[in-house]
Protein chains: 2
Amino acid sequence: MSEDLEYDVFSSTCPSRPVLEDVTGRWGALALGALADGPLRFNELRRHVDGVSQKMLAQSLQALERDGLVVRDVQSTFPLKVEYSLTPTGAVLAGKLLDLIGYLTTSMPSIITAQQTYDEAHTD
Amino acid sequence: MSEDLEYDVFSSTCPSRPVLEDVTGRWGALALGALADGPLRFNELRRHVDGVSQKMLAQSLQALERDGLVVRDVQSTFPLKVEYSLTPTGAVLAGKLLDLIGYLTTSMPSIITAQQTYDEAHTD
DNA sequence: CCGGATCCCAACAGATACTG
DNA sequence: CAGTATCTGTTGGGATCCGG
């Protein structure tokens, strides 16, 4: 039952395409990764994801919240407090993202070398 | 030896940041995923990564080639033949990407439900 | 013909300033 | 503190053109 593998990110019309962009997008991936260690407030998240603007962070978090990967918890105290955390699905995706990021960072030395070689060969 | 964990994607100035964007970017991720099954020519790749424009595919592939994750092999026959394939590092990253994509697609039913619930609650 | 660079326009990202 | 509004610069994409 319910064994429909109808979702294919390689198809441009598949609903999974925009979700993949939310998850692997420029800021979405880093936001998910940052939340893997535990809940964070908006500005904590902003400090952790170095370089992100308020607008893009808010936008990325809204997208992830809509996809059911992140939960936004508002404490209506003063000062206002808003905590973001991962849902179970979000946590799994964040883990896979961190796995990828970890491999990428350990590969950086060889990647840097490749870039230098490439750039030297393309000094047109 | 050489156990410098100096690379951190969460820092905006780290050289790993642009590489992460090449790998997880909109078209880079799909290109890497498509190449995981074996080498492909430019237009085969273009057909596989449904919806990508020529320009963006060429651009994404150049970035991945510069990072040493993809190899561009030119056969100067007629008609011209250009094959793209993964390097060992690229293959590992592609595998992790496909793992993430696989989990995401199997999670799609619950994600769709979440989106509908969210959209209903936000009918301002 | 195939691979890809260019041009031009539309959409999106970012800095700043302002509101609940 | 946690965002929205606005205004502007950068980036993405389709049509078109060029080299092998």
Side-chain angles (χ1 to χ4, degrees), chain A residues 10-13 17-31 34-35 39-66 70-85 118 121-124, chain B residues 9 11-13 17-31 34-35 39-66 70-85 118 121-124:
Chain A
F10 291 101
S11 165
S12 61
T13 56
R17 191 62 92 74
V19 178
L20 181 67
E21 282 165 24
D22 295 338
V23 172
T24 63
R26 190 169 190 183
W27 303 117
L30 294 174
L35 289 173
L40 290 173
R41 300 179 59 174
F42 187 82
N43 280 330
E44 291 175 327
L45 209 36
R46 200 178 165 214
R47 236 170 293 120
H48 205 303
V49 181
D50 188 37
V52 70
S53 67
Q54 294 173 175
K55 182 180 151 186
M56 292 318 297
L57 182 56
Q59 197 170 297
S60 303
L61 287 170
Q62 278 174 23
L64 294 172
E65 190 197 358
R66 191 177 99 95
V70 160
V71 176
R72 181 171 176 273
D73 189 38
V74 187
Q75 236 98 332
S76 293
T77 61
F78 187 83
L80 198 58
K81 184 176 176 180
V82 181
E83 271 205 344
Y84 292 90
S85 55
Y118 184 95
H122 291 238
T123 314
D124 301 340
Chain B
V9 288
S11 165
S12 63
T13 56
R17 189 64 91 72
V19 178
L20 180 66
E21 283 165 24
D22 294 340
V23 172
T24 62
R26 190 167 190 183
W27 303 117
L30 294 174
L35 288 173
L40 290 173
R41 300 179 58 175
F42 187 81
N43 279 330
E44 292 175 326
L45 208 39
R46 201 178 162 211
R47 237 170 292 119
H48 206 302
V49 181
D50 188 36
V52 69
S53 69
Q54 294 176 140
K55 184 176 139 186
M56 290 318 297
L57 182 56
Q59 196 169 297
S60 303
L61 287 170
Q62 278 175 24
L64 293 172
E65 189 197 1
R66 189 177 102 94
V70 160
V71 176
R72 181 171 174 275
D73 188 39
V74 186
Q75 236 98 333
S76 293
T77 59
F78 186 84
L80 198 58
K81 184 177 176 180
V82 181
E83 270 204 344
Y84 292 91
S85 55
Y118 184 95
H122 290 240
T123 316
D124 301 339

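By convention in this document, chain letters (A, B, ...) are assigned in the order of the sequence lines, proteins followed by strands, and residues within each chain are numbered from 1. Since the model is a prediction, treat every value here as computed from it, not as a measurement.
Counting only heavy atoms from C-beta on, B:V82 has its side chain closest to C:dG3 among C:dA13, C:dG3, D:dG3. Side-chain proximity of A:F42 to C:dA15, D:dG3, D:dG13: nearest is D:dG3. Checking C:dA13, D:dC1, C:dC2 against the side-chain heavy atoms of A:N43 singles out D:dC1 as nearest.
The side chain of B:R26 contributes no N or O atom lying less than 4.0 Å from OP1 or OP2 of D:dG12. OP1 or OP2 of D:dG12 lies within a sub-4.0 Å distance of a side-chain N or O belonging to B:Q59. Under 4.0 angstrom from either OP1 or OP2 of C:dC2 there lies no side-chain N or O belonging to B:Q54. For A:Y84, no side-chain nitrogen or oxygen approaches OP1 or OP2 of D:dC1 to under 4.0 Å. Residue A:R72 places at least one side-chain N or O under 4.0 Å from the OP1 or OP2 atom of D:dG3.
The CD-P distance, from A:E65 to D:dA2, rounds to 15 Å in whole Å. With rounding to whole Å, B:R46 atom CZ is found 15 Å from C:dC1 atom C1'. A straight line from CG of A:D50 to C1' of C:dG14 spans 15 Å, rounded to a whole angstrom. A straight line from CZ of A:F78 to C1' of C:dT19 spans 13 Å, rounded to a whole angstrom. Protein atom CG of A:L40 is 17 Å distant from nucleotide atom C1' of D:dG3, rounded to whole Å. Here the P atom of nucleotide C:dA5 and the CE atom of B:M56 are 13 Å apart, to the nearest Å. One can place CG of B:L61 at 12 Å from P of C:dG3, the figure rounded to the nearest angstrom. D:dC1 atom P lies 18 Å from atom CG of A:D73, rounded to whole Å.
Side-chain atoms of A:T24 come within 3.5 Å of backbone atoms of B:T24 as a donor-acceptor pair (strictly under, hydrogens ignored).
Shortest non-hydrogen contact noted between B:D50 and A:F10 is CB-O, 2.9 Å. Residues B:L40 and B:A34 approach most closely at CD1-O, 3.8 Å, considering heavy atoms.
Toward the 5′ end of DNA chain D lies the nearest nucleotide of A:K55, the other residue of the pair A:K55 and B:W27 mapping further downstream.
In this structure, A:E44 reaches neither bases nor backbone, as no heavy-atom distance under 4.0 Å exists between it and the strands shown.
Using bins of under 30°, 30° to 60° and over 60° for the plane-to-plane angle, the ring pair A:Y84/A:F42 lands in the tilted bin.
The NZ atom of A:K55 lies 13.0 Å from the CG atom of A:L57; values are rounded to the nearest 0.5 Å.
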